[in-house]
Q: 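Got a structure for you, written out below as structure tokens; questions coming shortly.
Just so you know, these numbers use all the heavy atoms, side chains as well, and skip hydrogens, waters and symmetry mates.
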Amino acid sequence: MVPTGGYSTASRSITLSGGTKFNWKGGTVQELVQREFGLQNSIKEPIKLEKIFNARNLERIAGVEVRWTCNLADHLRMRDDDKAVEIFHYATYLKLHQNESILPKPFVDETLRTLALLLPEHDKNIETWFLKHETKLQKRRKLPLDPLARECGQLKVEERQIDQFHYWHDRLVILKQVFDEAEPRNIKQWWRDRRRRVQWYTFWVAAIVLALTIFFGTVQSVEGAMQVWLAMKGSK
């Protein structure tokens, strides 16, 4: 079942677990779902969904906070001036609806593929990162993450093309734009950011050269000071 945070027959509205509210103006639930979760393709910008583009690197490289939501309507929605993104993690719910009539099957399949994109199943780093998020939620006494969220497979190269996504196309484009445009703000992010290999190597070569220059300059200064001190001591 779709998790609900409220239902009002007077105002004809449905709220999916808080957050985004759907206005129900009539018709069946299936018609409402099909209307609200329609095809997206208004942003015409070619982007690449490289392997480095995943939920862990959104946080580590781009500084985008990942927030887990039980509201399917808020999946991949940017928050707080593009500083956070919500991810719907109930893969179990989606898989139960793959052969049901409430949610369109292509929509369900694509939503699972977005989880495979952001949480690739065979990535050990993703597994460790995911477990850390689970631990944080447990400490805060929040609802646990669905473990099946990181067991949705791993996309092949041809499946990682943006034109393979129709229902979540625009939100993925926006999320990828935020990821690509993010600049490292500290040393850790500079070290982790391998999106532009040439720039990464150039930065660290320059940093190493600078560090060595300062080091040898300091050594020479100390050596010179010691020679002066010894010369003055010897003259006495």
Side-chain angles (χ1 to χ4, degrees), residues 3 17 19 47-72 74-80 82-98 103 107-162 164-165 167-168 171-180 182 184-197 200:
S17 69
I47 62 170
K48 294 182 179 180
L49 302 174
E50 305 93 341
K51 284 188 177 181
I52 197 173
F53 179 63
N54 58 49
R56 174 174 175 262
N57 287 332
L58 282 170
E59 286 195 334
R60 294 173 70 253
I61 296 176
V64 176
E65 178 190 359
V66 172
R67 297 177 183 173
W68 307 100
T69 181
C70 52
N71 187 345
L72 184 55
D74 285 330
H75 183 53
L76 302 181
R77 189 183 297 278
M78 301 299 300
R79 299 290 191 186
D80 298 344
D82 295 342
K83 291 182 174 63
V85 63
E86 299 198 30
I87 296 179
F88 180 81
H89 61 96
Y90 287 106
T92 300
Y93 166 80
L94 292 170
K95 290 182 178 182
L96 286 174
H97 279 270
Q98 277 186 303
L103 295 175
F107 169 77
V108 174
D109 292 342
E110 184 173 314
T111 307
L112 288 169
R113 285 195 290 114
T114 63
L115 292 177
L117 174 71
L118 297 175
L119 304 168
E121 182 174 352
H122 305 297
D123 190 318
K124 294 297 182 183
N125 291 325
I126 287 289
E127 180 181 0
T128 302
W129 174 85
F130 191 82
L131 291 175
K132 287 181 179 178
H133 271 254
E134 281 189 325
T135 302
K136 289 179 182 178
L137 290 177
Q138 288 174 0
K139 289 181 178 179
R140 297 173 185 172
R141 297 183 179 180
K142 301 290 186 180
L143 290 175
L145 295 176
D146 186 347
L148 287 185
R150 54 164 305 276
E151 297 180 12
C152 296
Q154 195 154 336
L155 300 186
K156 300 177 182 178
V157 175
E158 58 272 19
E159 295 173 322
R160 299 177 66 87
Q161 307 304 313
I162 190 60
Q164 295 298 313
F165 296 89
Y167 294 94
W168 301 109
R171 292 190 188 181
L172 276 176
V173 170
I174 293 171
L175 183 58
K176 186 57 164 57
Q177 286 174 337
V178 172
F179 180 76
D180 288 340
R185 295 189 293 272
N186 53 52
I187 294 297
K188 279 188 178 180
Q189 288 185 348
W190 271 109
W191 177 253
R192 295 166 177 168
D193 189 357
R194 311 294 174 89
R195 291 171 297 173
R196 306 173 187 88
R197 292 274 179 177
W200 185 86

Q: I need the minimum non-hydrogen distance between G153 and A116, along with the two atoms involved.
A: O-CB, 3.6 Å

Q: Determine the minimum heavy-atom distance between F88 and Y93, stating which atoms define it.
A: CZ-CD2, 3.7 Å

Q: Hey, does L145 have a side-chain heavy atom less than 4.5 Å from the side chain of R150?
A: no

Q: Less than 4.0 angstrom from a charged side-chain N to a carboxylate O is my criterion; do E50 and K176 meet it?
A: yes

Q: Is it true that K51 and D123 make a salt bridge, defined as a side-chain N closer than 4.0 Å to a carboxylate O?
A: no

Q: For the residue pair Q161 and F165, what are the closest heavy atoms and their distance?
A: O-CD1, 3.5 Å

Q: Would you call N54 and W129 a side-chain contact if the rule is heavy atoms closer than 4.5 Å?
A: no

Q: To the nearest 0.5 angstrom, please state how far the CZ atom of R77 sits from the CD1 atom of I174.
A: 9.5 Å

Q: Ignoring hydrogens and geometry, is there a side-chain-to-backbone donor-acceptor pair from N57 to R60 under 3.5 Å?
A: no

Q: Please step through side chain to side chain contact (heavy atoms under 4.5 Å, CB included) for the pair L103 and L72, ending with a clear verdict.
A: CA-CA 11 Å; L103 295 175; L72 184 55; 4.2 Å; yes

Q: Step by step, work out the side chain to side chain contact (heavy atoms under 4.5 Å, CB included) result for I162 and L49.
A: CA-CA 7 Å; I162 190 60; L49 302 174; 4.3 Å; yes

Q: Any side-chain heavy-atom pair from L94 and L115 closer than 4.5 angstrom?
A: yes

Q: Verify side chain to side chain contact (heavy atoms under 4.5 Å, CB included) between I126 and L118, making sure each step is shown before the conclusion.
A: CA-CA 9 Å; I126 287 289; L118 297 175; over 6 Å; no

Q: CG of D146 to CD of E134: how many Å apart, nearest 0.5 Å?
A: 9.5 Å

Q: Does L96 reach the side chain of Y90, with side-chain heavy atoms less than 4.5 Å apart?
A: no

Q: Supply the atom-to-atom distance L155 CG to L117 CG, rounded to the nearest 0.5 angstrom.
A: 5.5 Å

Q: Give me the one residue out of H89, E59, R56 that meets side chain to side chain donor-acceptor pair (under 3.5 Å) with H133.
A: E59

Q: Restricting to non-hydrogen atoms, name the atom on A55 and the atom on V66 that form the minimum distance, rounded to 0.1 Å.
A: O-CG2, 3.7 Å

Q: Could you note down all residue pairs passing side-chain hydrogen bond (donor to acceptor under 3.5 Å, both in side chains) where residues 109-119 supplies at least one of them, sequence neighbours left out?
A: H75-T114, Q98-D109, K105-D109, T111-W168

Q: Within a strict 4.5 Å, meaning less than it, do heavy atoms of the T135 and K139 side chains meet?
A: yes

Q: Would you please test Q177 and D82 for side chain to side chain contact (heavy atoms under 4.5 Å, CB included) and show each step?
A: CA-CA 10 Å; Q177 286 174 337; D82 295 342; over 6 Å; no

Q: Look at D80 together with R67 and state whether they make a salt bridge at an N to O cut-off of under 4.0 Å.
A: yes

Q: Can you tell me how far the CG atom of L76 sits from the CG atom of L172, to the nearest 0.5 Å?
A: 5.5 Å

Q: Would you give the length of the straight line joining atom CG of L175 to atom CG of D180, rounded to the nearest 0.5 angstrom?
A: 9.5 Å

Q: To the nearest 0.5 Å, tell me how far F53 CZ sits from I47 CD1.
A: 7.0 Å

Q: Tell me every residue that passes side chain to side chain contact (heavy atoms under 4.5 Å, CB included) with Q154, counting only those two or more places apart in sequence or in another chain.
A: P120, H122

Q: Over all heavy atoms of both residues, which pair between F179 and A62 is shortest? Give the atoms and the distance, please.
A: CD1-CB, 3.9 Å

Q: Is it the case that the side chain of E159 and the backbone of K156 share a donor-acceptor pair, with hydrogens and angles ignored and the cut-off at 3.5 Å?
A: yes

